[in-house]
Structures are given as structure tokens and as C-alpha cells.
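Residues: numbered from 1 along the sequence shown.
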Amino acid sequence: CVTTTIATDVDCWSTTTGGAGGASIPGTADDAFADANSGAGTGTQDATMSVLGLTMTGFTGTWATGNFALTLGASGFVVGGTFNAGSSTITVTADTGWTWGGTFNRGTSTIALTGFNLTWSGTTQQIYNLTVSNRSTGGINAENNVTQSAGDQFLNLNNQSLTVGGTFSLTGSLRSSGVIGDGTGTYDLNIVTVAATGGIDWGTSTAHTVSGTYTNDSTDVTDTNAGT
């Protein structure tokens with residue numbers, strides 16, 4: 001297996017954990033796994049990949065996108081080990097789950113959610129760009145925290161619903177358009193923190209509730225319909 005070509009080298013893939021390489025490259029109908037038998041080194045994509053799901057439970061190595069796109073279907077994404085997102089776009093296309101674990105190095109990546117209902121769970125992680133699109137119903141249910149930190153560009157929900165059970169923290173320098181609202185989504189948030197360099201725009205939405213503490217230190221925030 002050439003570990004810098006995991007998207008094209010069949011020798012990097014087997015049909016069983018710890019098995020011999022030489023299986024076909026996983027595709028849209030296949031679940032891909034990186035586990036304890038995958039080694040502690042770094043595997044790097046050398047092309048785009050589109051799989052049914054990627055599960056990295058027990059993985060102690062590093063998956064690097066090589067800045068190539070990764071698309072996940074109905075089985076979702078279980079992050080383990082170390083995942084280096086680089087500048088790639090990671091797309092989740094189905095009504096499924098995203099479980100955070102290990103270390104997610106966001107780089108300047110974009111997480112694109114184009115399915116319907118998506119549940120985030122697991123450890124708190126930082127994201128760079130998050131977009132939600134092509135939905136007629138549904139939204140995001142984050143069981144824990146959603147955090148943006150310095151350098152983040154935008155969080156655009158495109159009128160979709162957002163439920164955060166933990167803290168929703170905007171601390172980056174966000175674009176003035178398409179921050180959280182710009183429309184009619186339902187936002188059910190526990191604790192919201194907006195730093196001085198952040199920004200939040202509820203748009204025309206009146207269907208939002210902040211059940212915990214709402215802290216706004218930004219001079220750029222639009223607080224119309226600021227929540228209850």
C-alpha cells in the first residue's frame with residue numbers, strides 16, 4: 001500500500017479488518033473503516049472519494065484528505081484518530097449522523113450538509129466553514145457544542161433549523177451575510193456566546209429560543225428578534 005495514494009491504491013484496502021490488501025477502492029455503496037488494525041501512520045487521499053460512510057473507531061493514525069473532497073452517504077461519519085481536513089469539502093448527503101471523536105484538524109475546510117436531519121454528537125470540535133443547503137425539511141441537532149474560533153469565515157444555515165444542546169460559540173471574524181439566520185429557520189439554542197469579532201443575524205426568524213445565557217460582546221451583531 002502506498003499510503004499517500006489511499007484513494008486509488010487497491011492494496012490499501014481489504015474486505016476485513018487486518019486482512020490482506022487488494023480489495024477494490026470503496027465507493028458510494030460501501031462503508032469504509034479505519035480501525036486499530038489500520039496502523040498508526042498517515043494515509044492521504046490522492047483523489048476525491050465518495051463512500052456510504054466512514055467509521056474511524058479505534059483508529060490511532062491520521063487520515064489526511066490531501067485537500068481532495070470527501071463525500072459521505074447514509075452511514076455518516078464517525079471521526080476517530082486524527083483527521084486532517086486541509087482545504088477540502090466534506091459533504092454529508094443523507095439523513096444520518098456525525099459523531100465527533102479523536103482530533104479533527106479543520107484547516108480551511110468546508111463541511112457541507114446537503115441531506116435532511118443530521119445529528120452531531122461526541123466531543124466538542126472546531127469547524128471552519130459550515131454550510132447547509134438543498135433541504136426542504138430538517139436541520140441540525142448538535143447534542144453537544146458547536147464552536148467557531150478565530151479565522152472562521154461563516155456559518156450559513158440557509159433557513160434550516162439548528163438545535164444545540166451545549167454552547168453555541170461564535171468567536172471568529174464572520175461574514176456579514178449568511179451568519180446564522182438570513183431567514184426563517186428555527187433555532188433552539190442553550191447557551192449562545194458571541195465574541196467582539198463575531199456576528200449573528202437572526203434574519204426574519206422569530207422562531208428561536210435561547211434557554212440559557214445569551215452573551216453578546218460584538219458591535220457588529222444584528223440583535224433584531226434577539227431571542228427569549
Side-chain angles (χ1 to χ4, degrees), residues 1-94 96-113 118-130 140 142-152 165-167:
C1 169
V2 179
T3 57
T4 56
T5 60
I6 64 171
T8 58
D9 187 352
V10 296
D11 288 335
C12 294
W13 298 95
S14 68
T15 56
T16 59
T17 179
S24 60
I25 305 297
T28 56
D30 302 310
D31 286 309
F33 297 88
D35 61 16
N37 291 316
S38 300
T42 298
T44 304
Q45 289 177 227
D46 59 316
T48 61
M49 295 187 71
S50 183
V51 295
L52 190 63
L54 175 59
T55 299
M56 303 172 66
T57 303
F59 183 49
T60 59
T62 298
W63 181 298
T65 65
N67 303 324
F68 288 98
L70 175 64
T71 300
L72 307 167
S75 295
F77 194 11
V78 179
V79 183
T82 299
F83 189 92
N84 292 339
S87 60
S88 65
T89 296
I90 303 164
T91 304
V92 180
T93 63
T96 186
W98 182 307
T99 302
W100 295 102
T103 300
F104 183 84
N105 294 323
R106 61 201 177 102
T108 57
S109 62
T110 295
I111 297 173
L113 309 179
L118 182 90
T119 298
W120 289 24
S121 61
T123 57
T124 301
Q125 300 285 350
Q126 295 179 352
I127 56 177
Y128 192 78
N129 294 330
L130 173 64
I140 302 173
E143 297 179 356
N144 292 320
N145 302 327
V146 174
T147 301
Q148 289 187 298
S149 66
D152 292 347
T167 299

Trainee: Over all heavy atoms of both residues, which pair between Ala7 and Asp46 is shortest? Give the atoms and the distance, please.
Mentor: N-OD1, 3.1 Å
Trainee: For residues Ala64 and Thr42, report the shortest heavy-atom separation together with the two atoms involved.
Mentor: CB-CG2, 4.3 Å
Trainee: Do the side chain of Asp35 and the main chain of Thr57 share a donor and acceptor less than 3.5 angstrom apart?
Mentor: no
Trainee: Quick one, Thr48 and Thr71 - any side-chain contact, counting heavy atoms below 4.5 Å?
Mentor: no
Trainee: With no hydrogens and no angle check, is any side-chain donor or acceptor of Trp13 less than 3.5 Å from a backbone partner on Ile6?
Mentor: yes
Trainee: Can you tell me how far CG of Leu52 sits from OG1 of Thr28, rounded to the nearest 0.5 angstrom?
Mentor: 8.0 Å
Trainee: Which heavy atom of Val2 sits nearest to which heavy atom of Cys12, and what is that distance?
Mentor: O-SG, 3.5 Å
Trainee: Look at the rings of Trp63 and Phe83 and say which category their plane angle falls in: under 30° parallel, 30 to 60° tilted, over 60° perpendicular.
Mentor: parallel
Trainee: May I ask you to test the Thr110-Ile90 pair for a side-chain heavy-atom distance under 4.5 Å?
Mentor: no
Trainee: Would you say the side-chain atoms of Thr62 pair up with the backbone N or O of Gly43, donor to acceptor, closer than 3.5 Å?
Mentor: no
Trainee: Less than 4.5 Å apart, side chain to side chain, heavy atoms only: is that true for Val51 and Asp30?
Mentor: no
Trainee: Between Asn84 and Gly86 (side chain of the first, backbone of the second, donor and acceptor by atom type, cut-off under 3.5 Å), is there such a pair?
Mentor: no
Trainee: Looking at every non-hydrogen atom in both residues, tell me the closest pair between Thr60 and Gly39 and how far apart they are.
Mentor: OG1-O, 3.8 Å
Trainee: Indicate yes or no: at least one non-hydrogen side-chain atom of Thr82 is less than 4.5 angstrom from one of Asn105.
Mentor: yes
Trainee: For a quick test of reading the model, state the closest non-hydrogen atom pair linking Phe77 to Met56 and the distance between them.
Mentor: CE1-SD, 3.9 Å
Trainee: State whether the side chain of Asn67 and the backbone N or O of Ser87 hold a donor-acceptor pair below 3.5 Å, judged by distance alone.
Mentor: yes
Trainee: Could you tell me whether the side chain of Thr65 and the main chain of Ala85 form a donor-acceptor pair under 3.5 Å?
Mentor: yes
Trainee: Between Phe104 and Ile111, is there a side-chain heavy-atom distance shorter than 4.5 Å?
Mentor: yes
